[in-house]
Enquirer: 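Quick one: this structure, given as structure tokens, is what I'll be asking you about.
As a basis for the values below, the full set of heavy atoms in this structure was taken, side chains included, without hydrogen atoms, waters or symmetry mates. Position 1 is the first residue of the sequence; numbering continues from there.
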Amino acid sequence: MPLSQPRALLLVDGYNIIGVWPHLKKTRDREGLEASRHLLIEALANYSALQDWDTQVVFDAQYRDIQSSSEIVTNHLCVIYTDFGETADTYIERVCATRPRQIGLRQRTIVSTSDRALQLTAMGYGAEWMSPQHLRKSIDNADRHCQLNQKSRSLGQSRFLFQSLDAKTQNRLANLRFELQPPKK
């Protein structure tokens, strides 16, 4: 029986992405870092499930005196806070360096960052690079695809075409049907 290919791993440089995506940057400036982290995590949760990728969004904890921690958000998404003194870049580099050897199979690893040094280092370990802009477009496309599927499913649940029409059109058709009925004798 052939071994199945392991899921791809997407490593996201969290604070880097927040600083690059305009809507997350505005949220960070207006509502704080926690709000922008939440929006990023929410977007990645849906996207990772649709792609069937394991995703780790990595945030620096280098300026806080805490131990590293991880939070499993879904079975596709994990949030990593690095150790005190460790950067997200260092964590991502370490995962890129060790991941293929841990799995034993050709493991697809994708890194999303705008940090050129991290991009080159990750690619040197065989990882793919996805620009923050490309990640944003991919997430938007996946969201649109989901919305279209949900809309078509909800329309498909209606047994009659009449029920899928808006109220104004339904009223017009009902009035037209009434007008076209033959007079009662």
Side-chain angles (χ1 to χ4, degrees), residues 5-64 66 68-100 102-103 106-149:
Q5 193 74 331
R7 289 196 295 217
L9 173 65
L10 173 63
L11 296 165
V12 178
D13 189 353
Y15 289 135
N16 179 272
I17 299 294
I18 288 172
V20 173
W21 288 0
H23 76 284
L24 292 180
K25 196 173 184 178
K26 285 179 188 173
T27 300
R28 178 197 65 197
D29 295 345
R30 269 185 295 180
E31 301 172 38
L33 210 44
E34 184 67 30
S36 58
R37 274 195 306 256
H38 178 76
L39 289 175
L40 176 59
I41 291 165
E42 188 177 285
L44 290 170
N46 295 330
Y47 179 69
S48 299
L50 287 169
Q51 296 296 335
D52 194 28
W53 288 352
D54 290 326
T55 299
Q56 293 181 7
V57 58
V58 184
F59 295 107
D60 295 314
Q62 67 174 350
Y63 303 114
R64 298 185 343 201
I66 59 170
S68 68
S69 64
S70 64
E71 174 188 340
I72 297 173
V73 178
T74 69
N75 62 349
H76 287 88
L77 177 65
C78 181
V79 177
I80 307 290
Y81 294 94
T82 64
D83 272 325
F84 175 72
E86 182 182 33
T87 65
D89 295 12
T90 305
Y91 176 90
I92 291 169
E93 289 170 6
R94 185 174 67 245
V95 171
C96 289
T98 58
R99 184 121 173 116
Q102 289 175 348
I103 300 296
R106 173 69 179 118
Q107 175 67 36
R108 185 175 180 208
T109 304
I110 306 148
V111 175
S112 186
T113 185
S114 66
D115 182 317
R116 182 79 171 147
L118 177 56
Q119 171 193 345
L120 293 174
T121 302
M123 289 171 57
Y125 286 118
E128 300 169 36
W129 173 67
M130 182 185 292
S131 73
Q133 295 78 11
H134 185 259
L135 178 60
R136 178 77 247 164
K137 286 178 187 174
S138 295
I139 289 171
D140 289 343
N141 288 338
D143 286 346
R144 274 194 294 280
H145 178 75
C146 274
Q147 289 171 355
L148 287 173
N149 280 345

Enquirer: If you measure from OG on Ser48 to CG on Asn75, what distance do you get to the nearest 0.5 Å?
Expert: 10.0 Å
Enquirer: Should Arg136 and Asp140 count as an ion pair when the cut-off is N to O under 4.0 Å?
Expert: yes
Enquirer: Short question: side chain of Ser36, backbone of Thr27 - any donor-acceptor pair under 3.5 Å?
Expert: no
Enquirer: Quick one: does any side-chain atom of Trp129 pair with a main-chain N or O of Leu120 as donor and acceptor, under 3.5 Å?
Expert: no
Enquirer: If I take atom CD from residue Glu42 and atom CD1 from residue Ile139, how far apart are they, to the nearest 0.5 angstrom?
Expert: 11.0 Å
Enquirer: Calculate, to the nearest 0.5 Å, the distance between atoms CG and CG belonging to Leu118 and Asp89 respectively.
Expert: 4.5 Å
Enquirer: Rounded to the nearest 0.5 Å, how far apart are OG of Ser114 and CD of Gln133?
Expert: 7.5 Å
Enquirer: With side chains defined as the heavy atoms from C-beta onward, is the minimum distance between Thr113 and Ile92 less than 4.5 Å?
Expert: no
Enquirer: Say whether, by atom type as modelled, one donor and one acceptor occur between the side chain of Asp83 and the main chain of Glu86 under 3.5 angstrom.
Expert: no
Enquirer: Taking side chain to side chain donor-acceptor pair (under 3.5 Å) as the definition, give me every residue that meets it alongside Asp54, ordered by chain and number, with sequence neighbours left out.
Expert: Arg7
Enquirer: Counting only heavy atoms not in His38 (residues, nucleotides, ligands), do more than 12 fall under 6.0 Å from its NE2?
Expert: no
Enquirer: Any side-chain heavy-atom pair from Val20 and Lys25 closer than 4.5 angstrom?
Expert: no
Enquirer: Check whether any side-chain heavy atom of Val73 lies under 4.5 Å from a side-chain heavy atom of Leu44, and answer yes or no.
Expert: no
Enquirer: Measure the acute angle between the ring planes of Trp53 and Tyr47, then classify it against the limits of 30° and 60° as parallel, tilted or perpendicular.
Expert: perpendicular
Enquirer: Taking the side chain as every heavy atom from C-beta outward, state whether Thr82 and Thr87 have any atom pair closer than 4.5 Å.
Expert: no
Enquirer: So do the side chains of Ile18 and Arg37 get within less than 4.5 Å of each other, counting heavy atoms only?
Expert: yes
Enquirer: With side chains defined as the heavy atoms from C-beta onward, is the minimum distance between Gln56 and Leu9 less than 4.5 Å?
Expert: yes
Enquirer: Does any part of the side chain of Leu11, heavy atoms only, come nearer than 4.5 Å to the side chain of Cys96, both counted from C-beta?
Expert: yes
Enquirer: Rounded to the nearest 0.5 Å, what separation is found between the CG atom of Asp143 and the NE2 atom of His145?
Expert: 11.0 Å
Enquirer: Quick check: closest heavy atoms across Leu40 and Gly14, and the distance to 0.1 Å?
Expert: CD2-O, 3.7 Å
Enquirer: Do the non-hydrogen side-chain atoms of Leu10 and Leu135 ever get within less than 4.5 Å of each other?
Expert: yes
Enquirer: Can you measure from CD (Gln51) to OG (Ser138) and round to the nearest 0.5 angstrom?
Expert: 7.0 Å
Enquirer: Any idea which heavy atoms bring Phe59 and Ile41 closest together, and the distance?
Expert: CE1-CD1, 4.3 Å
